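This report concerns only the one structure given below.
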Number of protein chains: 2
Amino acid sequence: MDSSKIEPKTLRGFHDRLPPETLKKEFLIDQLKAVFKLFGFLPIETPHLEYLETLKGEEGEISKQIFHFKDQGDRDVGLRFDLTVPLARFIAQYKNEVGLPFKRYAIGNVFRGERPQAGRYREFTQCDFDIVGTRSVLADAEILLVVVKSLDIISVKDFVVKINHRCLMNAVAFHLGLPEATPLLRAIDKLDKIGEDGVLKELLETTSLSEDSIRWTFELFKKRGLQLITHLEETLNNDLPLVRENLTRGSSETREIISLLGNDERFELDLTVARGLGYYTGMVFETVLKDRAELGSISSGGRYDDLVETFSSDSIPGVGGSIGLDRLLVYLESREAGSQVKVFIPLEDDGKKHNLFMIADKLRDAHIPCEVYPEAHKMKKQFDYATRWGHSHIIFLNGDNSLRLRDSKTRVDTTCPDIEAVLRHLSPKL
Amino acid sequence: MDSSKIEPKTLRGFHDRLPPETLKKEFLIDQLKAVFKLFGFLPIETPHLEYLETLKGEEGEISKQIFHFKDQGDRDVGLRFDLTVPLARFIAQYKNEVGLPFKRYAIGNVFRGERPQAGRYREFTQCDFDIVGTRSVLADAEILLVVVKSLDIISVKDFVVKINHRCLMNAVAFHLGLPEATPLLRAIDKLDKIGEDGVLKELLETTSLSEDSIRWTFELFKKRGLQLITHLEETLNNDLPLVRENLTRGSSETREIISLLGNDERFELDLTVARGLGYYTGMVFETVLKDRAELGSISSGGRYDDLVETFSSDSIPGVGGSIGLDRLLVYLESREAGSQVKVFIPLEDDGKKHNLFMIADKLRDAHIPCEVYPEAHKMKKQFDYATRWGHSHIIFLNGDNSLRLRDSKTRVDTTCPDIEAVLRHLSPKL
């Protein structure tokens with residue numbers, strides 16, 4: 001390679017999308033937007049770049065992964081790492097303009113300087129939907145319904161939305177005599193990695209819990225569904241006010257949410273849904289594909305008590321979810337309808353270009369996608385191009401100005417006296 | 001304001017979009033994509049972040065405006081400032097995968113640290129379409145046709161696409177005895193700002209041109225349309241090989257392009273279309289709104305001889321255009337169809353929430369957008385919410401479980417025995 005030339009490559013952890021994948025992604029996004037709109041969610045857009053202090057407001061693991069720098073005006077700025085922090089800033093800034101409750105969706109790219117792994121990139125696309133400014137369980141149920149409707153519309157099958165409630169976990173922690181639920185949430189996070197024996201050892205070392213208590217908790221983590229709530233109500237020590245309060249809220253809200261969802265069996269109560277340590281304060285959920293559990297959660301979220309605390313002394317609650325588009329792209333086959341009409345017009349000789357250009361224009365006026373090959377290359381090269389990108393028909397211009405319409409699949413030719421006859425053939429409804 | 005709180009604000013030169021503007025933008029993008037696809041263009045996606053040397057490959061004014069920094073791996077990286085440099089890298093990297101010719105569109109945000117002005121932001125959205133790998137005038141004409149079809153579909157009226165050809169300008173420069181066209185391109189750029197007298201003074205000082213030559217050029221700049229080419233052919237000194245070569249290519253290509261476009265009067269030949277100093281090598285164009293010339297060009301582009309020279313010793317020509325979405329957003333009124341069905345369901349009392357939730361679900365199954373207000377607030381507050389975001393109908397649940405469907409515009413109520421009757425009313429085709 002010429003040493004004066006720059007090697008064309010993307011940054012580590014970043015990637016390009018070629019047309020087939022980009023078409024698939026655009027199709028997915030269109031479908032998701034249609035679902036969001038069906039529920040009355042409205043789109044907002046915020047910049048990719050924010051003040052660093054806006055992004056760092058909520059300190060945590062992620063804030064170490066922020067791409068940040070000083071801009072030309074010596075400001076500390078950073079690329080957004082999620083769409084929730086920008087939502088918080090947005091609500092603090094515009095709550096009077098948009099009013100509350102406010103239902104927004106946002107689809108955009110976020111950036112995290114984490115170690116790249118298979119299927120995980122440093123720039124990826126998030127699809128978020130949130131209902132801000134209400135504590136109603138209707139909103140919790142609606143967010144969960146958006147998840148299943150979204151997966152339905154893009155034909156994802158065999159998924160389960162695992163639901164938990166932060167208060168149920170708190171009740172268990174207080175029942176065990178722990179001052180907070182954090183050790184249990186940490187334990188859940190580590191069960192997959194170090195197993196029950198490893199977690200048992202750690203909890204014995206770091207907490208006051210007895211081995212019996214820990215083993216009892218492990219059994220609890222294996223239970224599923226509404227009987228889990230009944231079990232907790234029968235087992236936990238209701239004489240302790242903190243247990244009682246948390247159990248009452250956790251169980252009544254969870255029951256109501258599941259009832260609003262029509263006891264759909266695609267939702268499953270599961271105490272091991274942790275969704276990180278802080279932030280969430282009520283219902284939490286994640287969604288896994290039964291046959292592709294290794295992809296992790298394809299949609300997750302939950303209820304938070306105070307979205308805007310970084311920016312304002314107002315307390316604004318909300319509930320939201322996020323769909324992991326990049327993971328779904330890995331999972332889904334192309335959904336572009338292969339049966340769509342798309343016409344290819346080869347340029348047999350340069351003298352025909354004016355006529356072919358006009359023919360193409362008439363097809364497009366009838367909303368039929370088509371293209372004229374730009375040069376009078378050998379036919380094989382022209383057909384290779386057409387085949388690469390897909391086409392349903394080919395049009396040849398005959399010497400007598402009649403047209404030959406070829407169905408690319410059946411290879412049957414139809415001679416049409418003029419372009420109007422072609423249009424009638426391609427769009428029988430005209 | 002509480003001093004421990006962070007002020008919620010965007011960076012200078014950056015901005016948020018609230019729902020009405022975002023809906024309008026999404027609508028515009030959908031329409032533009034439909035046009036691009038009608039012509040067989042395919043989407044690609046590249047990262048927002050690139051190696052700085054990739055972006056700086058082509059040194060110029062813009063490279064000073066790049067947002068750049070060292071990332072966690074001590075790499076020099078930058079935010080893309082246009083979609084053309086990433087296209088060049090993409091073509092150099094994937095030309096074998098995609099093959100040539102290749103027609104791509106890309107819609108995405110770009111970043112420039114320039115002084116913010118009214119309607120100009122440091123982050124803005126570009127819509128680019130290019131045909132790479134062919135010198136055919138069919139491709140030039142197709143790009144221009146995409147421009148007018150795009151503006152047609154979004155109902156922009158009264159625009160003119162001003163076309164020029166770099167070779168025509170070269171021919172004029174060589175005719176005047178200049179070694180290159182740069183002084184003339186600079187003069188065009190300054191005519192608006194300092195007027196003929198200012199440019200005259202400058203050209204007298206910096207070039208060998210006589211006052212007569214300069215005044216002759218100014219007259220040339222006022223001519224429009226194909227008679228301009230005839231005039232050049234009659235006036236320029238064809239004995240000079242450089243004049244002859246440039247005039248021959250410039251006039252024949254321009255004539256052919258305009259003929260392919262069917263002599264549409266929305267295209268106008270205009271020597272003052274400069275489009276910057278370097279880069280373009282053939283046809284160039286810009287598009288202005290007759291009644292909003294102050295917005296500047298809403299779509300521009302042209303032909304370039306060598307897209308990938310930074311990355312490869314291959315020589316790959318192309319032609320492309322870009323539509324300035326942000327400028328169009330300023331110009332266009334909202335295009336969201338106001339007559340669309342959108343149902344609002346107030347929550348009169350909390351006990352009705354299960355029934356209302358089910359009603360909403362059935363409406364959505366029939367693809368009717370609807371939402372249940374999440375809390376049993378006062379009716380006025382609920383209706384304020386509905387009015388703010390627009391709705392066409394309201395559904396009330398009567399005590400006997402029949403439904404009252406109100407047309408929000410006419411305020412006429414219709415009592416429906418069940419949800420099926422509501423659906424028949426809202427979607428007569430069902």
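On a predicted model such as this, the values are computed, not experimentally measured, just so you know. To find a chain, count down the sequence lines: A is the first, B the second, and so on, and within it residues start at 1.
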I'd like to check [X] versus [Y] (side-chain heavy atoms, cut-off strictly below 4.5 Å). Are they in contact?
X        : Y        : result
B:Glu7   : A:Thr54  : no
A:Thr46  : A:Arg89  : yes
B:Val319 : B:Arg135 : no
B:Lys9   : A:Tyr51  : yes

Best-contacting candidate, [options], against chain A by heavy atom pairs under 4.5 angstrom:
options                              : result
B:Ala360, B:Pro86, B:Pro101          : B:Pro101
B:Leu42, B:Ile44, B:Leu11            : B:Leu11
B:Thr22, B:Leu38, B:Leu356           : B:Leu38
B:Leu100, B:Val343, B:Leu49, B:Val35 : B:Leu49
B:Met358, B:Lys381, B:His15          : B:His15

So for [X], is it side chain, backbone, both, or neither that comes closer than 4.5 Å to the heavy atoms of chain B?
X        : answer
A:Val137 : side chain
A:Arg122 : side chain
A:Glu21  : neither
A:Phe90  : side chain
A:Leu79  : side chain
A:Asp30  : side chain
A:Ile29  : neither
A:Ala141 : both
A:Gln93  : both
A:Leu363 : neither
A:Leu347 : side chain
A:His391 : neither
A:Phe357 : side chain

Do you know which of [options] has the most heavy-atom pairs under 4.5 Å to chain B?
options                                : result
A:Ala34, A:Gly390, A:Pro43, A:Gly99    : A:Pro43
A:Phe344, A:Phe69, A:Tyr105            : A:Phe69
A:His68, A:Glu142, A:Arg12             : A:Glu142
A:Asp384, A:Ile131, A:Asp361, A:Val372 : A:Asp361
A:Lys70, A:Arg104, A:Lys149            : A:Lys149

Worksheet item: Relative to each other, are the rings of A:Phe102 and B:Trp389 parallel, tilted or perpendicular (30° and 60° limits)?
Response: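 The arrangement is tilted - the two ring planes meet at 30° to 60°.
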If we ignore hydrogens and angles and just use 3.5 Å, is the side chain of [X] paired with the main-chain N or O of [Y] as donor and acceptor?
X        : Y        : value
B:Lys5   : A:Glu309 : yes
A:Asp71  : A:Gly73  : yes
A:Lys24  : A:Leu329 : yes
B:Glu123 : A:His48  : yes
A:Arg80  : A:Asn109 : yes
A:Ser312 : A:Val308 : no

Heavy-atom contact with chain A under 4.5 Å, split by part of [X]:
X        : answer
B:Leu145 : side chain
B:Asp350 : neither
B:Arg364 : both
B:Glu50  : both
B:Leu52  : neither
B:Phe111 : side chain
B:Val77  : side chain
B:Phe39  : both

Discussion item. For B:Tyr373 together with B:Tyr385, are the ring centres under 6.0 Å from each other?
Written reply: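 Yes, the ring centres sit under 6.0 Å apart.
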Practice prompt. Decide if atom NZ of A:Lys362 counts as having more than 12 heavy atoms of other residues, nucleotides or ligands within a radius under 6.0 Å.
Written response: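 At most 12 heavy atoms, drawn from other residues, nucleotides or ligands, come within 6.0 Å of this atom.
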Fill in: Pair B:Asp16, A:Tyr94: side-chain N/O donor-acceptor within cut-off below 3.5 Å
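There is such a pair between these side chains.
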Worksheet entry | B:Glu375 and A:Ser136: side chain donor to acceptor below 3.5 Å |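 Short answer, no.
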Validation: residues 256-263 of chain A side-chain donor-acceptor distances under 3.5 Å, sequence neighbours left out:
residue	atom	partner	partner atom	Å
A:Glu256	OE2	B:Lys353	NZ	2.9
A:Ser259	OG	B:His354	NE2	2.8

Worksheet item: Would A:Lys103 count as a cation-pi partner of A:Phe41, with NZ or CZ less than 6.0 Å from the six-membered ring centre and within 45° of the ring normal?
Response: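 A:Lys103 over A:Phe41 ring: yes.
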Discussion item. Taking side-chain hydrogen bond (donor to acceptor under 3.5 Å, both in side chains) as the definition, give me every residue that meets it alongside A:Glu45, ordered by chain and number, with sequence neighbours left out.
Written reply: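 If we apply the side-chain hydrogen bond (donor to acceptor under 3.5 Å, both in side chains) test to A:Glu45, skipping adjacent residues, the hits are B:Arg17, B:Lys25.
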